[in-house]
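Heads up: the structure comes next, in structure tokens.
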Amino acid sequence: MIRGGLIVIELVSLVVLLAKMVIVILVLLMLPIPLTWLERKIAGHIQQRLGPMRVGWHGLLQPLADGIKLLTKEDHIPDEADRLLFTLAPIITLVATFALFVVIPIGDPIQLFGQEITLYLADMNVALLYVLAVSGIHVFAVIIGGWASNSKYAVLGSLRTCAQMISYEIPMGFAVVGVVMLAHSMSLVSIVNSQADVWNIVYQPLGFFVFFIASLAEAQRIPFDLAEAEGDLGAGYHTEYSGMRFSLFMISEYLIVIFLAALNVILFFGGWNDFLVPLPSILWFVLKVGFFVWLFMWFRFTFPRYRYDQLMSIGWKVLLPLSLANILVSGLILS
Amino acid sequence: MSKTLNVKPMELVSGWIGWIFFRDLVGGLSLTLSYMFSKTVTEQYPDKEKWVPYPRYRGHHFLNTNEEGDVNCVACELCAKICPCDCIEVVPYEDEKGNRRPKVFDINLGRCLFCGLCEDACPADAIKLGQLYEFSSETSQALNVGRDALMGMPRKAEEGGKVYDAEFSLLEGVSVNISADNKSHDWWKKIRRG
Ligand code: SF4
Ligand code: SF4
């Protein structure tokens, strides 16, 4: 009898987990659609243009039109390309990006049908480590994609991307150490819970500064978008990609932006903890993440691109010492 | 060397403070933010709006006619002589009333550079450059416009330099018509200066 009950509980939790997985995957696949629209609108209005206006109300259906266009384009693989790796690279990017969202919690647990449902797929105790490690997989996809394309622009772009990602992942990793010291945990859920009273941005302004800049570089957004510098590299590692494969790269790029915005919110802006106005925790989280996504876009259409050596010296000579000093000072104060 | 000596220490200090707090970056961000919430300057041509050019605009030619409906042109061929592109061809004849008029008056708009010299040279106030600018065609023959067509072309704009509400129509070829309500706005008012 008891064993039967246990099996039922196991089954229910399995079903819940599967349902959550399906929902997360669907939402993630859908998210780039409004984001491309938003990005083009913001770009337009910053430059006093209207942005897309023709398809649907204020161009709302434009991403669908773009999607249809990309899907119906010829699936082109260059003659000299390594076919296996060329087809593999976009899939690796997408898988790596989806894997990142496994540990992202988006709100307090909710009650549904008498079940307590947690709003994350997994609460690892080393979630932060997992996040930093898995975001490194993206580099492989970039190397493979650039190399398999067999084109000088793609190779140059992928080399730049790798150098950039590696040199910014280090200050990024150091910047979160302060947060871990404050929360005594690497689990993202307990990091958020530890900020119930005061957000980490108050204690860790320097850490946030370093982390934010490093995440701009990780997302390869302007002013750190050297990997795709249209002006000198065509489009970087995905120069040779077109149609569906190209759109896979685009989807993962947008997802990484969302992911980094979410990470900024979770680590430094109190996650779903409310501020002044009590709203449902998910709503707070979405609002904050939306703000960061908007911030990324605003930056993109304001700043010019850094030169490559400037990019490297910012990473190694400014952000790295700053993040180390941050650890030192936090450690001194905490002890 | 002398340049560095001229800098006052206070200026140096405030410059450094500005540098530390990213004054230039913040300035750029606030500028783009204010642009984000300012009016857009986009003209939604052709299906919503249309620019009607100023009266001084030099568009498609037309030939003026007098009260009797005859063309003003006296076929003096001055316009053909002065045209830098050599794109006007005039053949004179004497009409029923005994006036000298052009039998043939062809302008090759494919060669014309819309300099307006023909308009300036004309002694009879005949050839003018109007406000029509939508006359692209699929064949170069269609750009060879004859006398009767030129007499029927729209005249100079009474007023212009405004954006009118417009409608896009595919009924008679492709055309963009100003809508019936005749609403217009001054586009230059929308431009942010400074
Ligand atoms: S506008 Fe200039 S180029 Fe055109 S027909 Fe007149 S004189 Fe010739
Ligand atoms: S249009 Fe004017 S300049 Fe040209 S032939 Fe006629 S009268 Fe002379």
Side-chain angles (χ1 to χ4, degrees), chain A residues 37-62 205-206 208-214 216-217 221-224 290-307 310-311 313-314 317-319 321-322 325-326, chain B residues 12 15-52 134 161-171 174-179 181 183-194:
Chain A
W37 177 81
L38 201 69
E39 174 138 38
R40 292 175 66 176
K41 274 292 182 193
I42 289 176
H45 282 274
I46 281 183
Q47 296 156 3
Q48 284 193 301
R49 296 184 287 109
L50 283 167
M53 284 296 278
R54 292 282 194 266
V55 196
W57 182 81
H58 278 247
L60 256 180
L61 298 181
Q62 183 69 44
L206 192 60
F208 168 69
F209 172 75
V210 173
F211 189 81
F212 182 71
I213 299 208
L216 276 179
R221 306 289 289 185
I222 283 176
F224 302 107
F291 172 76
F292 268 92
V293 170
W294 174 73
L295 204 62
F296 280 171
M297 293 179 179
W298 180 18
F299 271 48
R300 167 164 182 189
F301 295 105
T302 301
F303 296 132
R305 176 183 303 132
Y306 279 112
R307 221 172 47 217
Q310 291 171 330
L311 175 94
S313 58
I314 290 173
K317 293 188 197 160
V318 181
L319 292 186
L322 273 184
N326 185 47
Chain B
L12 210 64
W16 271 93
I17 292 175
W19 186 81
I20 287 173
F21 288 100
F22 303 104
R23 202 180 53 193
D24 42 353
L25 299 191
V26 173
L29 283 173
S30 62
L31 184 77
T32 46
L33 187 69
S34 68
Y35 268 104
M36 206 185 301
F37 296 105
S38 67
K39 279 205 189 106
T40 57
V41 296
T42 307
E43 257 167 50
Q44 297 191 66
Y45 181 82
D47 54 353
K48 293 230 180 73
E49 292 169 335
K50 175 182 177 172
W51 170 255
V52 175
E134 295 152 313
K162 282 181 183 159
V163 174
Y164 281 77
D165 288 0
E167 275 144 21
F168 184 63
S169 132
L170 287 168
L171 288 179
V174 186
S175 62
V176 184
N177 307 312
I178 293 171
S179 22
D181 58 2
K183 248 173 54 191
S184 67
H185 64 260
D186 187 358
W187 182 78
W188 295 99
K189 286 257 166 66
K190 294 208 252 177
I191 296 269
R192 247 183 69 119
R193 295 186 177 85

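All figures in this text were calculated on a predicted structure; none of them were measured in a lab. Just so we're on the same page: letters track the sequence lines, and every chain starts at 1.
The two atoms that bring A/Q48 and B/K39 nearest to each other are NE2-O, 3.2 Å, heavy atoms only. Here the shortest heavy-atom pairing between B/M36 and A/W298 reads CE-CD1, 3.9 Å.
Ranked by heavy-atom pairs under 4.5 Å with chain A, the first of B/L29, B/L33, B/V41, B/D47 is B/L29.
To the nearest 0.5 angstrom, B/T32 atom OG1 is 14.0 Å from A/H45 atom NE2. A distance of 12.5 Å separates CD in A/Q47 from OG1 in B/T40, rounded to the nearest 0.5 Å. A distance of 8.0 Å separates CG in B/D24 from CZ in A/F303, rounded to the nearest 0.5 Å.
Atom CZ of A/R54 is surrounded by more than 12 heavy atoms from other residues, nucleotides or ligands within 6.0 Å.
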